[in-house]
Amino acid sequence: MELVNNLCGRVTTVFWVDVCVTQSAWVTSPNKCNNVAHVFYQLLDNDADGTPDDPMVLARMAENGYLLWVPAKEEEAEDEPHIPGVGWSQMTGLFEAAPNSCDVPSDLGADSADRSTWEAATGATSGGDPTSTYTCTHQRDTTVEEIPHLITTAALLVYPDKWAPDYGSDAGAAIRESNGSCGWGYTDD
């Protein structure tokens with residue numbers, strides 16, 4: 001994608017999916033830019049074996065020009081460029097990125113591979129005080145919330161019975177069931 005290279009200050013790929021970091025984002029914080037790429041990588045390869053966890057979802061993203069757009073500031077995010085060849089893009093800005101977030105159990109001393117250590121590390125149990133021995137950022141890292149939008153957009157096309165955005169899919173049926181009679185929007189949709 002030559003045009004992506006011209007519009008972005010830095011471009012990398014995570015398992016063949018482009019990540020476009022604006023020039024101002026790279027100048028503002030290479031550390032936060034790297035964090036975004038690392039979070040994306042971890043979400044695609046959650047078991048850290050070097051292989052994407054769902055090759056079909058990854059293929060959908062790679063073959064259809066999915067792009068992760070990383071601006072520095074909210075004002076820059078509003079000017080997301082239209083890039084020919086990009087089938088779907090998702091923005092996650094540096095203004096909402098917080099590497100070393102206290103929300104991440106491993107940043108509090110938990111073992112990333114052993115979920116039984118997470119509760120104690122995050123202070124969820126009585127008497128836990130993770131900030132007494134670990135330094136972490138008390139800002140929420142919304143990178144871990146924004147990037148899954150890109151992945152789930154591909155997943156709902158690969159697995160519509162499971163993820164389609166309607167009550168007929170497994171996810172939609174679960175939402176309807178958990179929502180009870182509260183409705184999903186005021187128009188009963």
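FYI, the numbering just counts along the sequence from 1.
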- Message: Would Ile151 and Met61 count as a side chain to side chain contact (heavy atoms under 4.5 Å, CB included) here? Give the steps.
- Response: CA-CA 8 Å; Ile151 299 167; Met61 294 170 69; 4.2 Å; yes
- Hey, mind stepping through Thr143 and Asp141 against side chain to side chain donor-acceptor pair (under 3.5 Å) and telling me if it holds? CA-CA 5 Å; Thr143 304; Asp141 185 2; 2.7 Å; yes
Approximate separation, where rounding is to 0.5 Å, of [X] [atom1] and [Y] [atom2]:
X	Y	atom1	atom2	answer
Glu75	Ser24	CD	OG	10.0 Å
Asp53	Gln42	CG	CD	11.5 Å
Trp69	Met91	CH2	CE	10.0 Å
Arg60	Leu157	CZ	CG	4.5 Å
Trp163	Thr152	CH2	OG1	8.0 Å

- Message: Please evaluate residues Phe95 and Glu76 with respect to the criterion side chain to side chain contact (heavy atoms under 4.5 Å, CB included), reporting the C-alpha separation (whole Å), side-chain torsions for both, the decisive distance (0.1 Å), and the verdict.
- Response: CA-CA 10 Å; Phe95 54 91; Glu76 188 179 25; over 6 Å; no
- Task: Go through the structure and list residues passing side chain to side chain contact (heavy atoms under 4.5 Å, CB included) with Thr51, not counting sequence neighbours.
- Result: Asp49
- Item | Whether over 12 other heavy atoms sit under 6.0 Å from Trp26 CH2 | yes
Least distance between heavy atoms, [X] atom then [Y] atom:
X	Y	answer
Ala72	Thr28	CB-OG1, 3.8 Å
Ile147	Val36	CD1-O, 3.6 Å
Glu146	Glu96	CG-OE2, 3.5 Å
Ala164	Ser169	O-OG, 2.6 Å
Leu94	Ala25	CD1-O, 3.2 Å

Kindly say whether [Y] contributes a backbone atom to a donor-acceptor pair with the side chain of [X] at under 3.5 angstrom?
X	Y	answer
Asn35	Asn31	no
Lys32	Ala97	yes
Thr142	Glu145	no
Asp45	Tyr41	no

Run the side-chain donor-acceptor check on residues 8-16: report pairs under 3.5 Å with partners two or more places apart or on a different chain.
none

- Could you walk me through whether Phe40 and Leu68 pass the side chain to side chain contact (heavy atoms under 4.5 Å, CB included) check? CA-CA 9 Å; Phe40 191 21; Leu68 187 60; 3.9 Å; yes
- Report the C-alpha separation of Gln90 and Thr153 in whole Å, then their side-chain angles, then the decisive distance to 0.1 Å, and conclude whether the side chain to side chain donor-acceptor pair (under 3.5 Å) test is met. CA-CA 10 Å; Gln90 174 63 43; Thr153 299; 6.0 Å; no
- Item | Modelled atom types, side-chain donor and acceptor of Asp54 and Tyr159, under 3.5 Å | yes
- Message: With a 4.5 Å cut-off on side-chain heavy-atom distances among I, L, V, M, F, W and Y, is there a chain of contacts connecting Met56 to Val17?
- Response: yes
